[in-house]
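Note that the structure is a prediction, hence the values are computed from the model and not measured.
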Amino acid sequence: MTPLAIAQPRAALAFDQMAREYDDVFTNSMIGRAQRDAVWSLLTQIFQRGDHILELNCGTGEDALFLARNGISVTACDASEQMIQVASNRLRKEAPAAPVQFNLLPTERIRELQPSTQFDGIFSNFSGLNCISDLEQTAEDLAVLLSPGAPLLVCLSTRFCLWEMLWFALHGDFRKAFRRCSGHATAKVGELTVEVYYPTIRKLQTLFSPSFVLRSCVGVGVTVPPSYVEAWIRNHPKLLSKFRIIDRAVSNYHGFRALGDHVLLRFERVQP
């Protein structure tokens with residue numbers, strides 16, 4: 001499965017176990033790089049040099065360090081102590097002067113964060129919010145941290161992933177092929193299982209209103225496959241290059257954007 005950032009105690013324990021290998025398994029994989037590059041191309045369009053943003057479910061700090069290299073200050077949070085430790089070690093080794101602060105804090109407790117000023121934006125990548133059972137409460141908590149007009153970018157796993165349905169169906173595993181379709185599933189991470197939720201785009205619009213309005217929606221991994229196809233794609237690197245080109249061409253179209261491995265939603269904080 002595509003790695004999920006941590007958002008609940010059980011998930012935090014699960015991802016503690018894989019923190020040391022997370023970058024090797026996903027961040028530095030061919031598929032992980034392709035999907036992350038698609039997200040980054042949009043991040044640099046939305047966030048500007050000099051902004052101070054809040055990152056949820058930051059994992060090993062890959063996105064926070066990228067944003068810092070682009071002149072953006074980041075307050076990054078995660079529920080996994082081991083993920084935060086890996087991220088902090090990376091910060092010390094790779095960019096000790098970068099304007100990044102890592103915090104051990106689950107998204108469900110983000111209301112405990114006490115910034116001196118409101119953030120210029122909020123970002124959550126690669127399915128962290130899919131582990132949250134009460135996104136409506138999360139939206140209320142995040143709204144307090146943003147001024148009107150500020151962006152909220154969230155990248156979540158979709159309910160209907162075309163690649164997943166075809167891949168596992170062709171391998172005769174129909175349970176996995178359609179596991180997301182009910183909107184709720186359990187995923188095994190290491191030796192533990194975590195609850196994962198797959199709200200539709202329409203449902204997300206409802207959950208994040210009235211504090212936020214949806215401004216754009218982009219598919220991520222429409223033709224680029226999920227990370228569990230990495231072993232196969234390594235034998236077909238030219239095919240991955242073609243998939244990336246097609247992704248850029250179709251990711252904004254209504255009929256395709258909800259069928260990718262992920263979808264990137266840009267909300268805007270509205271006037272209270």
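Of all heavy-atom pairs between His262 and Cys155, the closest is CB-SG, 3.7 Å. Summarising the geometry of Val218 relative to Arg257, their closest heavy-atom pair is C-CB, 4.3 Å, with the distance given to 0.1 Å. When all heavy atoms of Ser251 and Val222 are compared, the closest pair comes out as CA-CG2, 4.5 Å. Nearest heavy atoms, Ala64 versus Val100: O-CG2, 3.8 Å. Here the shortest heavy-atom pairing between Pro237 and Asn235 reads CD-C, 3.4 Å. Closest of all the heavy-atom pairs between Val220 and Ala38 is CG1-CB, 4.4 Å.
Put simply, the side chain of Asp261 never gets that close to the backbone of Pro225: no donor and acceptor are under 3.5 Å apart. For the pair Asp24 (side chain) and Glu21 (backbone), a donor-acceptor distance under 3.5 Å is absent. Side chain of Ser88 to main chain of Gln85: no donor-acceptor pair is present (N/O by atom type, distance under 3.5 Å, no hydrogens or angles). Between the Arg159 side chain and the Tyr198 main chain, a donor and an acceptor come within less than 3.5 Å of each other. Side-chain N or O atoms of Asp78 include one that pairs as donor or acceptor with a backbone N or O of Cys58 at under 3.5 Å. A donor-acceptor pair under 3.5 Å is absent between the side-chain atoms of Trp163 and the main chain of Gly260, judged by distance alone. Distance alone, capped at 3.5 Å, is enough to place a donor-acceptor pair between the Asp120 side chain and the His52 backbone. Looking at Glu164, its side chain never comes within 3.5 Å of a backbone N or O of Phe160 through a donor-acceptor pair. Side chain of Asp173 to main chain of Phe168: no donor-acceptor pair is present (N/O by atom type, distance under 3.5 Å, no hydrogens or angles). The backbone N or O of Leu13 sits nowhere less than 3.5 Å from a side-chain atom of Glu81 that would complete a donor-acceptor pair.
Counting heavy atoms of neighbouring residues, nucleotides and ligands inside a 6.0 Å radius, atom CD of Glu230 exceeds 12 of them. For Phe256, the CZ atom is loosely surrounded, since the number of other residues' heavy atoms within 6.0 Å does not exceed 12.
Note on Lys203 versus Glu136: no salt bridge recorded, every NZ/NE/NH1/NH2 to OD/OE distance being 4.0 Å or above. Using a 4.0 Å cut-off between charged nitrogen and carboxylate oxygen, Arg36 and Asp63 count as a salt-bridge pair. Between Arg111 and Glu140 there is no salt bridge, since no side-chain N of the basic residue sits under 4.0 Å from a carboxylate O of the acidic one.
Arg180 is listed as a side-chain neighbour of Ser157, based on a closest heavy-atom distance under 4.5 Å. At least one side-chain heavy atom of Ile110 sits less than 4.5 Å from a side-chain heavy atom of Leu145. Residues Pro199 and Asn130 meet the side-chain proximity criterion, which asks for heavy atoms closer than 4.5 Å.
Taking CG of Leu146 as the start and CD1 of Ile122 as the end, the distance is 3.5 Å to the nearest 0.5 Å. With rounding to the nearest 0.5 Å, the separation of NE2 in His236 from NZ in Lys238 is 12.0 Å.
Across Ile46, Leu42, Leu43, Asn125, a single residue satisfies side chain to side chain contact (heavy atoms under 4.5 Å, CB included) together with Leu264, and that is Leu42. For the ring pair (Phe, Tyr, Trp, His ring centres under 6.0 Å) with Trp40, the lone residue among Phe123, Phe66, Phe126 that qualifies is Phe66.
Ring pair Phe267/Phe212 is perpendicular by interplanar angle, where above 60° counts as perpendicular and below 30° as parallel. A tilted orientation is assigned to the rings of His171 and Trp167, their planes being inclined by 30° to 60°.
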Audit row: Asn57, Thr107, side-chain hydrogen bond (donor to acceptor under 3.5 Å, both in side chains) steps and yes/no: CA-CA 7 Å; Asn57 320 114; Thr107 298; 3.1 Å; yes
